[in-house]
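In the text below, chain A, chain B and the rest are named by the order of the sequence lines, each starting its count at 1.
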2 protein chains.
Amino acid sequence: MIADLEITRLREGGGKGFEKVFAFLRERLLAGSLRPGDRLIPERDLAAQLGVSRPILREALRALTVLGVVEIRDRVGTIVRRPDPSVLNDFFTFAFAQQSDVVDDVMQARIAIECQAVRLAAERATVSDFEKLQQALARIVETIDDPDGGSAADFDFHRTVVNTGKSETLIVLHNSLSGILMRSHRGRRELLQVFDSMKTYLIEDHRRIFDAIVGRDPEHAEKVLREHFAIGDDFRRRAAIGESEARSAS
Amino acid sequence: MIADLEITRLREGGGKGFEKVFAFLRERLLAGSLRPGDRLIPERDLAAQLGVSRPILREALRALTVLGVVEIRDRVGTIVRRPDPSVLNDFFTFAFAQQSDVVDDVMQARIAIECQAVRLAAERATVSDFEKLQQALARIVETIDDPDGGSAADFDFHRTVVNTGKSETLIVLHNSLSGILMRSHRGRRELLQVFDSMKTYLIEDHRRIFDAIVGRDPEHAEKVLREHFAIGDDFRRRAAIGESEARSAS
DNA sequence: GTATGTATTCTGGTATGACCAAGGTAAGAG
DNA sequence: CTCTTACCTTGGTCATACCAGAATACATAC
């Protein structure tokens, strides 16, 4: 599986050092002459063929690594991978790290993704999916009094719904966005204690989403999910108000 | 503006070499102790403080560069940048270079983004936005007989709609996804000639979307947009059938 | 002939030290 | 005080060397 890169004169005009190497590999990757599963020739040889030193080559390989295009396996070699969506996670994390006020904005994207996914889920779900969803639903009920586990179960249910939609792109995006939301707003569920009515809302809403999917009703599924988000937002709003009132009263 | 990284003992447990450095910088970036505009200390010093060699440090720096987090300026220094969404474009390009059959799947994500954005657009649009939308709509009408310009105008209208939603996240995602769709499926509009009825469909649909936004009706806006996508999909399907029939007849 | 254990080779991971070119800056000339 | 210039800084790159573990070949034992 050694991919011998048939270096064809490697035009000198293409930038210096790193840029040259990176552009070369990038082109090979995009053109398809390097395919997932291929193993590159050893760093030393490749560096020699490309006319650069090993550190420079490694910079380029490392750059491709963070893009998820290749994988450098210690004492094995560099192999081409199918781009791993998890790098999106990295990027989004960086991109939205600075401004924490964008959480609400990211939430808009999550709503977008889930609402589309739930439609697809209602159309594409298999019996196996139904079971998974039911299990996820059961976990929500079980952990309703456990803030930590409850949050996980909630997240898991939504993730299962998106998976049921069977759209790779939606799944990838949802994972990335969820990561951001969990990191920057972890414990948003902790205000569960405040409103006891929230418990029934949580259970009932998710059950209605499940029912809509089982009922093969995309339209209704999205409607319920959207309401679910809206109500959750409302709860958070009221909690925030209550919190600030509590603070000002103390 | 020099960011002196007050290395605090840098716990040794965090992986070896590159991983350690990358994790360290990542943490600083995410925590906010390194902010956009800051300039890192020179590579030599930083490498020394981190206890790694310069090549290794440069690997980490280069990795952050491809993520758009920092910028290495020749003979000036390494400065922290606000992550550039264009990195997403790069990634998606890699990710979907191999399998071109994922276009339909990416389309699902685009629909998701736009349907959410059009809701927000209906709520948040300003008079200025109305004008921009109207101009975009006018361009669609003007270029209805021009395949090239028409495609651009179509895309531009949708982009304007998403912008009107004023969600940074949705805008970024939409841009990236649009890039993929344009690259891998450019000229999907070329089948315009086939169905003359498509012209009226194009104009009328976009006008209805515009009206719904102006009418501040998120629900209806999404409904119309969704139908717009569905009909477009149907057109493409029929065109594909007609094309294959034409081929088999020849 | 097969299986097992060992030695050699290959490969990535890292460190050192050095050289170059050009941006920045401060000392020196006017 | 202004302007020029030499120096120092800083990224960009290279060459070499050593390490540790995976991969492989080989020799030995059964």
Side-chain angles (χ1 to χ4, degrees), chain A residues 1-5 7 10-26 34 37-81 84, chain B residues 1-5 7 10-26 29 34 37-81:
Chain A
M1 292 302 170
I2 297 285
D4 206 334
L5 299 180
I7 313 295
L10 182 56
R11 59 241 160 279
E12 317 293 345
K16 290 282 178 240
F18 171 82
E19 288 299 336
K20 178 177 60 179
V21 176
F22 187 76
F24 172 80
L25 292 175
R26 175 197 181 90
L34 285 176
D38 288 353
R39 203 178 73 199
L40 270 56
I41 60 181
E43 292 182 356
R44 290 171 178 79
D45 302 348
L46 187 52
Q49 289 194 22
L50 291 173
V52 297
S53 66
R54 197 149 83 98
I56 296 303
L57 172 65
R58 281 182 62 77
E59 282 183 28
L61 292 177
R62 203 64 97 162
L64 292 172
T65 297
V66 299
L67 286 178
V69 189
V70 303
E71 178 185 1
I72 306 179
R73 291 176 60 177
D74 197 355
R75 279 144 290 175
V76 174
T78 307
I79 60 245
V80 181
R81 293 199 326 182
D84 184 354
Chain B
M1 294 303 171
I2 298 284
D4 206 333
L5 300 180
I7 315 295
L10 184 56
R11 59 239 159 280
E12 317 293 346
K16 292 284 177 234
F18 171 82
E19 288 299 335
K20 179 177 62 178
V21 176
F22 188 76
F24 173 79
L25 292 174
R26 174 198 183 91
L29 268 323
L34 284 177
D38 288 353
R39 203 178 72 199
L40 270 56
I41 60 181
E43 292 183 356
R44 290 170 178 81
D45 302 348
L46 186 53
Q49 288 193 24
L50 292 174
V52 297
S53 64
R54 197 149 83 99
I56 297 303
L57 172 65
R58 280 182 62 79
E59 283 182 27
L61 256 29
R62 205 65 98 161
L64 292 172
T65 297
V66 298
L67 286 178
V69 190
V70 304
E71 178 184 0
I72 306 180
R73 293 178 58 179
D74 197 355
R75 277 145 294 174
V76 173
T78 307
I79 52 248
V80 181
R81 292 200 328 182

With the criterion being N/O to N/O and under 3.5 Å, what pairs connect the protein with nucleotides 7-9 of chain C, and how long is each?
none

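Looking at every heavy atom in both residues, A/F22 comes nearest to A/A63 through CE1-CB, 3.7 Å.
With rounding to the nearest 0.5 Å, the separation of CG in B/L64 from OG1 in B/T78 is 9.5 Å. Atom CG of A/L61 sits about 6.5 Å away from atom CG of A/L40, to the nearest 0.5 Å. For the atom pair CG (A/D38) and CD1 (A/I79), the distance works out to 10.5 Å, reported to the nearest 0.5 Å.
If you take CG of A/L50 and P of D/dC14, they are 11 Å apart, rounded to a whole angstrom. Between A/L46 atom CG and C/dG12 atom P there is a gap of 9 Å when expressed in whole angstrom units. Whole-Å rounding puts the A/E19 CD to D/dG11 P distance at 17 Å. To the nearest angstrom, C1' of D/dT16 lies 15 Å from CD of A/E43. Atoms CZ (A/R44) and P (C/dG12) sit 7 Å apart, rounded to a whole Å. Going from atom CD1 of B/I72 over to atom C1' of D/dT13 covers 13 Å, rounded to whole Å. One can place NZ of B/K16 at 16 Å from P of D/dC19, the figure rounded to the nearest angstrom. Counting to the nearest Å, the P atom of D/dC14 and the CZ atom of A/F18 are 13 Å from each other.
The salt bridge (charged side-chain N to carboxylate O under 4.0 Å, His left out) contacts involving residues 44-53 of chain A comprise nothing, where partners must be two or more places apart or lie in separate chains. Counting only residues at least two apart or on different chains, no side-chain hydrogen bond (donor to acceptor under 3.5 Å, both in side chains) pair has a member in residues 63-73 of chain B.
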Quiz: residues 50-59 of chain A side-chain donor-acceptor pairs under 3.5 angstrom, not counting sequence neighbours:
unit_1	atom_1	unit_2	atom_2	d
A/R54	NH1	A/E43	OE1	2.7
A/R58	NE	B/E59	OE2	3.0
A/R58	NH1	A/E43	OE1	3.3
A/R58	NH1	A/E43	OE2	2.8
A/E59	OE1	B/R62	NE	2.7
A/E59	OE1	B/R62	NH2	3.0
A/E59	OE2	B/R58	NE	2.9

Criterion side-chain contact (heavy atoms from CB on, under 4.5 Å) on B/V80 and B/R39, from CA distance to verdict: CA-CA 6 Å; B/V80 181; B/R39 203 178 72 199; over 6 Å; no
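Near DNA chain D, meaning a heavy atom under 4.0 Å away, the residues from residues 52-59 of chain B are B/R54, B/R58.
Not counting sequence neighbours, A/R26 has no partner by the side-chain hydrogen bond (donor to acceptor under 3.5 Å, both in side chains) test.
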